[in-house]
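This report refers to the structure that appears directly beneath it.
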Protein chains: 2
Amino acid sequence: MAALALNHLLENWKIALRQQGYRVTRPRLQVMEIIVSSETPLKPQDIYQLSLDLESPPGIASIYRTLEMLDDLGLIQQIHQPGGCHAIWPAVEGHKHLLICSSCGQMRVIEGNEDIEDYINKIEEQTGYHVKDHWLQLFGTCQNCS
Amino acid sequence: MAALALNHLLENWKIALRQQGYRVTRPRLQVMEIIVSSETPLKPQDIYQLSLDLESPPGIASIYRTLEMLDDLGLIQQIHQPGGCHAIWPAVEGHKHLLICSSCGQMRVIEGNEDIEDYINKIEEQTGYHVKDHWLQLFGTCQNCS
DNA sequence: ATTGATAATGATAATTATTATCAATAAGGG
DNA sequence: CCCTTATTGATAATAATTATCATTATCAAT
């Protein structure tokens, strides 16, 4: 991330904190700087390890508290990666997609579709990435629950 | 899941175990039955709780060991749900999608696209679900790593 | 069907991750 | 520069997962 955009994001976060009545403290700033400076998604323990290089690192509890605050403010989001979640389901063949009811938890597996392939091809052209796999999950309400 | 399809899946799993030299034991059967009978994705502790209703429930360690085995055999997959992962990233506005390099971990945020909307509309018609949100993540190799 | 080699189990200790507690500290309005 | 009180750090408590090891049970070979 470019340093300018990075500082801009950090300034916006500080403003958001003050607007919601949160104090801008050194431990919070340390955690926020680590997050916005990172090229990759970080877990709480990742942040803790990185913070140990600082002169006066925050306590582990403050890291969790800061993450909870940032989440409440909608300033961070979860990233779902292979190995990251512990809920399991029988494996399905090929590129099926998942449809989950937010109300009752029921899950349906639906056929993958070429519509997505077109989209992925476009992204590969635009970014130079070679896409090998994709996950699509849809969240909503099933007929029973609506 | 219909009882017939359920039993068929379980039989296939037992065959897969034997083919790979794993023994088919009672604790493994108990865990596998709970998984294939479930309407919703289950976490290890969910399975443990459900197993306590059985006459002679497996030990917690056997549940984790069975899950590891099923994962090695490719018979189960992880399901990613809200609150399930702990990796975080600055929140993005709107329906952006994620492009993650499997090699270096670098992540890019890309614009959501109407191509996906068409696909979702089709799914809503087919299933009767009302889709409120979606996640799309693409995994591959960035230009640097390829 | 019985035996025997050994994979697998159960019980539990150890480890790791997260949350709760509370006296001491520091942010920021007045 | 105070004063109020939100926040912190240290650590205890809780929860989840993994490791250990003597005992048990599977299943191939007889």
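Lettering of chains follows the sequences in order, A, B, ..., and the numbering in each one begins at 1.
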Whole-Å distance between [N] [atom2] and [X] [atom1]?
X: Gln49(B); N: dA15(D); atom1: CD; atom2: C1'; value: 12 Å
X: Tyr64(A); N: dT11(D); atom1: OH; atom2: C1'; value: 15 Å
X: Lys14(B); N: dT26(D); atom1: NZ; atom2: C1'; value: 14 Å
X: Ile60(B); N: dT20(D); atom1: CD1; atom2: P; value: 18 Å
X: Lys43(A); N: dT17(D); atom1: NZ; atom2: P; value: 14 Å
X: Tyr22(B); N: dT9(C); atom1: OH; atom2: P; value: 11 Å
X: Gln20(B); N: dA8(C); atom1: CD; atom2: P; value: 12 Å
X: Arg23(A); N: dA26(C); atom1: CZ; atom2: C1'; value: 8 Å

So which nucleotide from [options] ends up closest to the side chain of [X]?
X: Gln45(A); options: dA20(C), dG10(C), dA17(C); value: dA17(C)
X: Pro44(A); options: dT18(C), dG28(C), dA8(C); value: dT18(C)
X: Ala61(B); options: dA20(C), dA11(C), dT18(C); value: dA11(C)
X: Ser62(B); options: dC27(D), dA20(C), dG10(C); value: dG10(C)

- Pair His97(B)-His134(B), side-chain donor/acceptor within less than 3.5 Å: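 Short answer, yes.
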- Message: Checking side-chain polar atoms at under 3.5 Å, does Glu124(A) have a donor or acceptor matched by the opposite partner on Tyr119(A)?
- Response: no
- Strand partner of dT30(D), provided both Watson-Crick or wobble distances fall under 3.5 Å: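 Base partner found: dA1(C).
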- Message: Let's test this: given Watson-Crick or G-U wobble pairing with both distances under 3.5 Å, identify the partner of dT8(D).
- Response: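 Across all strands, the one nucleotide that pairs with dT8(D) is dA23(C).
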- Query: Which distance, rounded to the nearest 0.5 Å, do you find between the CD1 of Ile35(A) and the CG of Leu70(A)?
  - Reply: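 So the CD1 of Ile35(A) and the CG of Leu70(A) are separated by 5.5 Å.
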- At what distance, to the nearest 0.5 angstrom, does CD of Gln77(A) lie from CD1 of Ile88(B)? 9.5 Å
- Task: State plainly whether the residues Glu125(B) and Lys122(B) are in salt-bridge range, i.e. N to O under 4.0 Å.
- Result: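 No.
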- Task: Map Arg26(B) and His86(B) onto DNA chain C by nearest heavy atom, then report which one ends up closer to the 5' terminus.
- Result: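 Result of the comparison: Arg26(B).
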- Task: Examine dT8(D): is either OP1 or OP2 under 4.0 Å from a nitrogen or oxygen in the side chain of Thr25(A)? Give yes or no.
- Result: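 The answer is yes; a side-chain N or O of Thr25(A) sits under 4.0 Å from OP1 or OP2.
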- Task: Check every strand shown and say whether Arg65(B) touches a base, only sugar-phosphate, or nothing at a heavy-atom separation below 4.0 Å.
- Result: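 Base, at least one base heavy atom under 4.0 Å.
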